[in-house]
Amino acid sequence: MMRALLFLPLLAAAPAAPEAPLRSPVAAGTVREDRFPETAARYPGGIVARPHVEFANQLGFRPLQLDLYLHADRARAARRPLILWIHGGGWSRGDARGSAAFADFPAVLAAVAVRGYVVASVDYRLSGEAKFPAQIQDVKAAIRYLRAHAVDYGVDPSRVVVWGGSAGGHLAALAATTCRVTEFDPPASTGRMSRAAAASARPLPQSDCVQGAAVWYAPLDLGQHKAERALALGDNVAAMLGCDGDACVEPARRASPIRYVGADTPPMLLIHGTADEEVGYGQSELMAEALRKAGRPVEMLMIPDVAHGFIGKTPAATRAAHWQALDRTLTFFDRVTKKR
């Protein structure tokens, strides 16, 4: 009985006062801008990486984002060339933060930025989300967005280059060869939208043309996706195109960078391993031949005895192939952007 009486004061306590109602600011209309506090990572050499920068927001799809590797002094310094990295993964997987066997690819991109570039690494809609041409439309939307924000990010809009591996190399080459090809223009609603921009939903007027492309072990003539034994991406090609069998012939031709090589194609660097059994190095040879016939500048590096993703027979061979490809790519970008 005594034990029960100890709880009586608790039962008799006065009820707590009601909490004050929330009075958060309310806008006049629907708010479309992301208000989550901006995050950033710092890398050596004064590089600040901004993750999850939204560059496109299209009806029916997730917002599309990219990572930015910026210089802390961008408000004071001369504008720098832009490098846009496009990831691989058979158009069906992967993201903006990985490439082949690089153990820490964001650190690689930050180190590239230290050399005097602004670097962006882009995500795009995968084949399970949307079929071609969604992937190249997203790449072009990213280029237009970054040009539109050139002042904010310290970018020289006249010096933009693209770089990708495997499926990302295909998209890099396609971006380089389809300047002003209107069928690949991104949808009208692109970029981080203010209320005024969301109301009008007009396409960004900036160009998606680029001044150079570095292409690693990429499929470039998709019409070969079944005929060529050493191009084992056939199922991925069909999934990206949304077709099967003979029905893929024309869509594959339409999605092939080699189809669009012409007098305006910018300089291109093609790097491939001679032991690649997923995307045969013949793909790079075909592209190089097409560029030479069109009178366009092209460089090609064949790395002996390495497979897809620059994977060698030993860890040392893999490491050497990655370093060789990266060094050659940066030398190429230094030259075509006339980096100061």
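In this text the structure is predicted, and so the values were computed from the model without any measurement.
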Self-check item: Shortest non-hydrogen contact from L64 toward Q58
Solution: CD1-NE2, 4.4 Å
Quiz item: In terms of ring plane angle, is the pair Y43 and Y69 parallel, tilted or perpendicular, where the classes change at 30° and 60°?
Solution: tilted
Quiz item: For the residue pair W91 and F132, is the inter-centroid distance of their aromatic rings smaller than 6.0 Å?
Solution: no
Quiz item: Got a donor-acceptor contact below 3.5 angstrom from the R296 side chain to the T265 backbone?
Solution: yes
Quiz item: Are the side chain of K131 and the backbone N or O of S127 linked by a donor-acceptor pair below 3.5 Å?
Solution: yes
Quiz item: Quick one: does E129's side chain get under 4.5 Å of R62's, heavy atoms only?
Solution: yes
Quiz prompt | Shortest non-hydrogen contact from A56 toward A141 | solution = CB-CB, 4.4 Å
Quiz item: Is any side-chain heavy atom of V279 less than 4.5 Å from a side-chain heavy atom of H308?
Solution: yes
Exercise. Find out if a path of hydrophobic residues (ILVMFWY) with successive side-chain heavy-atom gaps under 4.5 Å connects I311 to Y217.
Key: no
Practice problem: Kindly indicate whether the side chain of P267, heavy atoms from C-beta on, has any atom under 4.5 Å from the side chain of F332. | Solution: yes
Quiz item: Hey, quick one: are F105 and F333 part of the same hydrophobic cluster, counting side-chain heavy atoms closer than 4.5 Å, chains of contacts allowed?
Solution: yes
Quiz item: Which distance, rounded to the nearest 0.5 Å, do you find between the CG of L291 and the CD1 of I258?
Solution: 8.0 Å
Exercise. Look at D208 together with K140 and state whether they make a salt bridge at an N to O cut-off of under 4.0 Å.
Key: yes
Quiz item: Roughly how far, to the nearest 0.5 Å, is the CD atom of E289 from the OG atom of S284?
Solution: 13.0 Å
Quiz item: Which value, rounded to the nearest 0.5 Å, describes the distance between F55 atom CZ and Q65 atom CD?
Solution: 9.0 Å
Practice problem: Might you work through the side-chain contact (heavy atoms from CB on, under 4.5 Å) test for L146 and L68, ending with a clear yes or no? | Solution: CA-CA 10 Å; L146 291 164; L68 272 173; 3.8 Å; yes
Quiz item: How about W216 and T329: does a side-chain donor come under 3.5 Å of a side-chain acceptor?
Solution: yes
Quiz prompt | Side chains of R259 and D221 in contact at under 4.5 Å (non-hydrogen atoms) | solution = no
Quiz item: Between V139 and I86, is a side-chain contact (heavy atoms from CB on, under 4.5 Å) present by the stated rule, with each step listed?
Solution: CA-CA 8 Å; V139 169; I86 310 165; 3.8 Å; yes
Exercise. Evaluate salt bridge (charged side-chain N to carboxylate O under 4.0 Å, His left out) for R147 paired with D156, printing each intermediate quantity in order.
Key: CA-CA 8 Å; R147 276 203 169 101; D156 180 348; over 6 Å; no
Practice problem: Side-chain contact test, heavy atoms from C-beta onward, threshold under 4.5 Å: evaluate it for Q137 versus E183 and give yes or no. | Solution: no
Quiz item: Closest approach of T318 and G312, non-hydrogen atoms and distance?
Solution: OG1-N, 2.8 Å
Quiz item: Taking H272 for the side chain and M300 for the main chain, is one N or O donor matched with an acceptor at less than 3.5 Å?
Solution: no
Practice problem: Run the salt-bridge test on E250 and R253 with the 4.0 Å N-O cut-off and return the result as yes or no. | Solution: yes
Practice problem: Could you grab the distance from atom CD of E278 to atom CG of N236, nearest 0.5 Å is fine? | Solution: 9.0 Å
Quiz item: Same hydrophobic cluster for L286 and Y281, using side-chain heavy-atom links shorter than 4.5 Å among ILVMFWY?
Solution: yes
Exercise. Take Y124 and H87 through the ring-ring contact (aromatic ring centres under 6.0 Å, His included) test and state the conclusion after the steps.
Key: CA-CA 9 Å; Y124 51 87; H87 73 83; 4.5 Å; yes
Quiz prompt | I143 versus S207, closest heavy-atom pair with distance | solution = CG2-O, 4.0 Å
Quiz item: Does R319 reach the main-chain N or O of T314 with its side chain, forming a donor-acceptor pair under 3.5 Å?
Solution: no
Quiz item: About how many Å separate CD of Q283 and CG of D276, when rounded to the nearest 0.5 Å?
Solution: 10.0 Å
Quiz item: Out of curiosity, T337 OG1 to Q211 CD, how far, rounded to the nearest 0.5 Å?
Solution: 9.5 Å
Quiz item: Taking the side chain from H71 and the backbone from Y117, do they hold a donor-acceptor pair closer than 3.5 Å?
Solution: yes
Practice problem: List the steps and the verdict of side-chain contact (heavy atoms from CB on, under 4.5 Å) for S121 and L109. | Solution: CA-CA 8 Å; S121 182; L109 296 178; 3.7 Å; yes
Practice problem: Under the side-chain contact (heavy atoms from CB on, under 4.5 Å) rule, what do V215 and L220 come out as? Steps first, then yes or no, please. | Solution: CA-CA 10 Å; V215 178; L220 301 166; 4.1 Å; yes
Quiz item: Does D123 come within less than 4.0 Å of R97, counting only side-chain N to carboxylate O?
Solution: no
Quiz item: Do Y260 and R254 come close enough that some side-chain heavy atom pair is under 4.5 Å?
Solution: yes
Exercise. Please tell me if the side chains of Q324 and L301 come closer than 4.5 Å, counting only heavy atoms from C-beta onward.
Key: yes
Quiz item: Do any N or O atoms from the side chain of S256 and from the backbone of A252 form a donor-acceptor pair under 3.5 angstrom?
Solution: yes
Quiz item: In terms of hydrophobic clusters joined by side-chain contacts under 4.5 Å, are V162 and V181 together?
Solution: yes
Practice problem: Provide the closest heavy-atom pair for L270 versus A288 in the form atom of the first, atom of the second, distance. | Solution: CD1-N, 3.7 Å
Exercise. Would you kindly confirm whether L269 and W323 end up in one hydrophobic cluster when ILVMFWY residues are joined by side chain heavy atoms under 4.5 Å apart?
Key: no
Quiz item: Between M268 and E299, is any pair of side-chain heavy atoms under 4.5 Å apart?
Solution: no
Quiz item: What are the two closest non-hydrogen atoms of A134 and A130, and how far apart are they?
Solution: CB-CB, 3.6 Å
